[in-house]
Student: 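Below are the C-alpha cells for one structure; questions will follow.
Naming: A, B, ... by sequence-line order, numbering from 1 per chain.
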Number of protein chains: 2
Amino acid sequence: MTLTPLQQEFVLHFGEMGSRWGINRTVGQIYALLFLSSVPLNAEQITEALGISRSNTSMGLKELQSWTLVRLKHFPGDRRDYFTTPDDLWEIVRTLVAERKKREIDPTLTKLRELEMQGPAGDDYAEARIAELRELIEMMTGFYAEMEKLETERLVKLMTLGGKIAGLIDRTGGIIPSLTKRK
Amino acid sequence: MTLTPLQQEFVLHFGEMGSRWGINRTVGQIYALLFLSSVPLNAEQITEALGISRSNTSMGLKELQSWTLVRLKHFPGDRRDYFTTPDDLWEIVRTLVAERKKREIDPTLTKLRELEMQGPAGDDYAEARIAELRELIEMMTGFYAEMEKLETERLVKLMTLGGKIAGLIDRTGGIIPSLTKRK
DNA sequence: CCTCCGTTTCAGAAATTTCTGAAATCTCTG
DNA sequence: CAGAGATTTCAGAAATTTCTGAAACGGAGG
C-alpha cells in the first residue's frame, strides 16, 4: 500500500485538521485514507499506508467506530476486518452532526437543566442567563430534530433554495399569510 | 471575588467541556465566568475567581479575543481592561458559528480546491470523491452565507417553524408551485 | 485442546498542550 | 522622563494526550 501524491496530501491535511475537529491526527488520517479508497481496507493495510503502529491503528479504528463513521466489511474466506466509509456523503454529514451534538451539546443541555432544578440560588442574573441559554439550545436542537427527519432530497432543496426561503417568512406572523392561506 | 455555588458549577462544566469544544479548560472557565457576570470583570478578578495564574488569564483572554467572543470595556479613571460577553445570545451563536467555520471548514475547502487544481492524478476514485466533498461543502457554506444575512427575528421564526418549512418544499420542483405562483 | 492468525489491551515512552513565575514591555501620570 | 500600575511574553515545569511494543485475548480449524 503506497499512497499516490494526491492521497498523501489529503491524508496529511486531515491529520493536521484532526485536532481542530476534536479527533487526533491518526484518527483523521485513517478516516481520510478510507474516504479516498474505493475498496475496503484492513488494519494491516492502513498501518502500512500511514506508517504507524498496529496498535495505534486499532485504537483509531475503535474511535471511528464509536463515532459510527466507518463500516465493517468481511470477505469470504478472509477473517480480517475491512473498513469503509459510506458512499453517500450526506450520510456522513448526518452522522457527524449527530455525534457532535451528542458530545458537544447534549451534556451541556443536561447540565443547564440540572442547575435550574437546583432551584433559586439567589443570583438572579446568572439564573436568568442560564435559563436563556437553555432555551436557545432547546430551540436549536428542536430545529435540528426536524431537519434530521427530512430525506436528503428535500434537505438539498432547502439548502440550494437558501435565502429564498427566508423571503417567505414574514417578520411578524410566520409564513406570509397570502401564501399559506391557499393550500 | 468568590463564586456562588451556581457559578462555580457552571464554570467547572465549561472548563471540562472546553476540550471537546476546541478550547482549553482555562479559556472555557473564563468565558463561563464572564457569561454569568452581570458586570464586566478585569483580569485580576478573573484570576482570583478561578484560582489560576495571572499570565494564564492573560493568554486565555487573548484567545477569547481572537475568537471575538469577548468585549473590552473601560471605566473612567480606571485604566484596567474589563471584559464582558454580549448580552444577546444570538450574537454569541453567530460569532461561534462564524469562527468555527473559519477554523474548521475553510482551510479544508481551500485545500480541496488546491488538490483539484493540481490536475488529474490518475486516481479517478479519489479525484471524484474529493470533488464531491468540495461540492457538498460549497453547498453548505453557501446556505450558511444566506442564513448569516438574516436578521435574528427571521432566523428565530425559521427555526421555530421548523418542519413546517420543509412541507412547503416539493420533492421535484422546489417550492410548491401553487404557492409560489401567487406573489 | 492446541495452534495459528488476527485483534485488543495496557504500561510506559514520546509528543504536545497547558500553565506558571519572572522578566520585559507598555502607558499613563505626576 | 521617572515611576507606578497594568499587561504581555517567554522559557521551563506540569499535565495531558497520543503512540508504541509487548503481552494478553479470542476464536476458527485441525
Student: Among residues at least two apart in sequence or on other chains, which ones pass side chain to side chain contact (heavy atoms under 4.5 Å, CB included) with T2(B)?
Tutor: none
Student: Provide the full list of side-chain hydrogen bond (donor to acceptor under 3.5 Å, both in side chains) pairs with a residue in residues 82-91 of chain A, sequence neighbours left out, each pair given once.
Tutor: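 Checked against side-chain hydrogen bond (donor to acceptor under 3.5 Å, both in side chains) - neighbours excluded - the pairs reaching residues 82-91 of chain A are N42(A)-Y82(A), R71(A)-E91(A), D78(A)-Y82(A), R80(A)-Y82(A), T85(A)-R129(B).
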Student: Check salt bridge (charged side-chain N to carboxylate O under 4.0 Å, His left out) between E132(B) and all other residues, then give those that pass, not counting sequence neighbours.
Tutor: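 Scan of E132(B) (salt bridge (charged side-chain N to carboxylate O under 4.0 Å, His left out), adjacent residues dropped) gives none.
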Student: Which residues pass the side chain to side chain donor-acceptor pair (under 3.5 Å) test with W21(B), sequence neighbours left out?
Tutor: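 With sequence neighbours excluded, W21(B) shows a side chain to side chain donor-acceptor pair (under 3.5 Å) to no residue whatsoever.
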Student: Would you be so kind as to tabulate the donor-acceptor pairs closer than 3.5 Å made by side chains of residues 137-147 of chain A, with sequence neighbours excluded?
Tutor:
{"unit_1": "E138(A)", "atom_1": "OE1", "unit_2": "R134(A)", "atom_2": "NH1", "d": "2.9"}
{"unit_1": "E138(A)", "atom_1": "OE2", "unit_2": "R113(A)", "atom_2": "NE", "d": "3.2"}
{"unit_1": "E138(A)", "atom_1": "OE2", "unit_2": "R113(A)", "atom_2": "NH2", "d": "2.9"}
{"unit_1": "T141(A)", "atom_1": "OG1", "unit_2": "I137(A)", "atom_2": "O", "d": "3.0"}
{"unit_1": "T141(A)", "atom_1": "OG1", "unit_2": "E138(A)", "atom_2": "O", "d": "3.2"}
{"unit_1": "Y144(A)", "atom_1": "OH", "unit_2": "E148(A)", "atom_2": "OE2", "d": "3.1"}

Student: Which two nucleotides bound the region of DNA chain D that has atoms under 4.0 Å from heavy atoms of chain A, read 5' to 3'?
Tutor: dT18(D) to dG27(D)
Student: Among all residues two or more places apart in sequence or in another chain, which pass the side chain to side chain donor-acceptor pair (under 3.5 Å) test with T110(B)?
Tutor: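 Here no residue qualifies.
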Student: Specify the residues of residues 60-81 of chain A, ordered by number, for which at least one heavy atom lies under 4.0 angstrom from an atom of DNA chain D.
Tutor: R79(A)
Student: Could you identify which residues of residues 28-54 of chain A place a heavy atom less than 4.0 Å from some atom of DNA chain D, listed by residue number, or say none?
Tutor: I52(A), S53(A)
Student: Scan residues 3-19 of chain B for pairs that pass salt bridge (charged side-chain N to carboxylate O under 4.0 Å, His left out), counting only residues two or more places apart or in two chains.
Tutor: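 Sorted result for residues 3-19 of chain B: K111(A)-E9(B).
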Student: Give me the bend of the helix from dC1(C)-dG30(D) to dG30(C)-dC1(D), using the axes of the five pairs at each end, rounded to 10°.
Tutor: 10°
Student: How would you list, by chain and number, every residue that makes a salt bridge (charged side-chain N to carboxylate O under 4.0 Å, His left out) with K101(B), sequence neighbours excluded?
Tutor: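 K101(B) satisfies salt bridge (charged side-chain N to carboxylate O under 4.0 Å, His left out) with D106(B) only.
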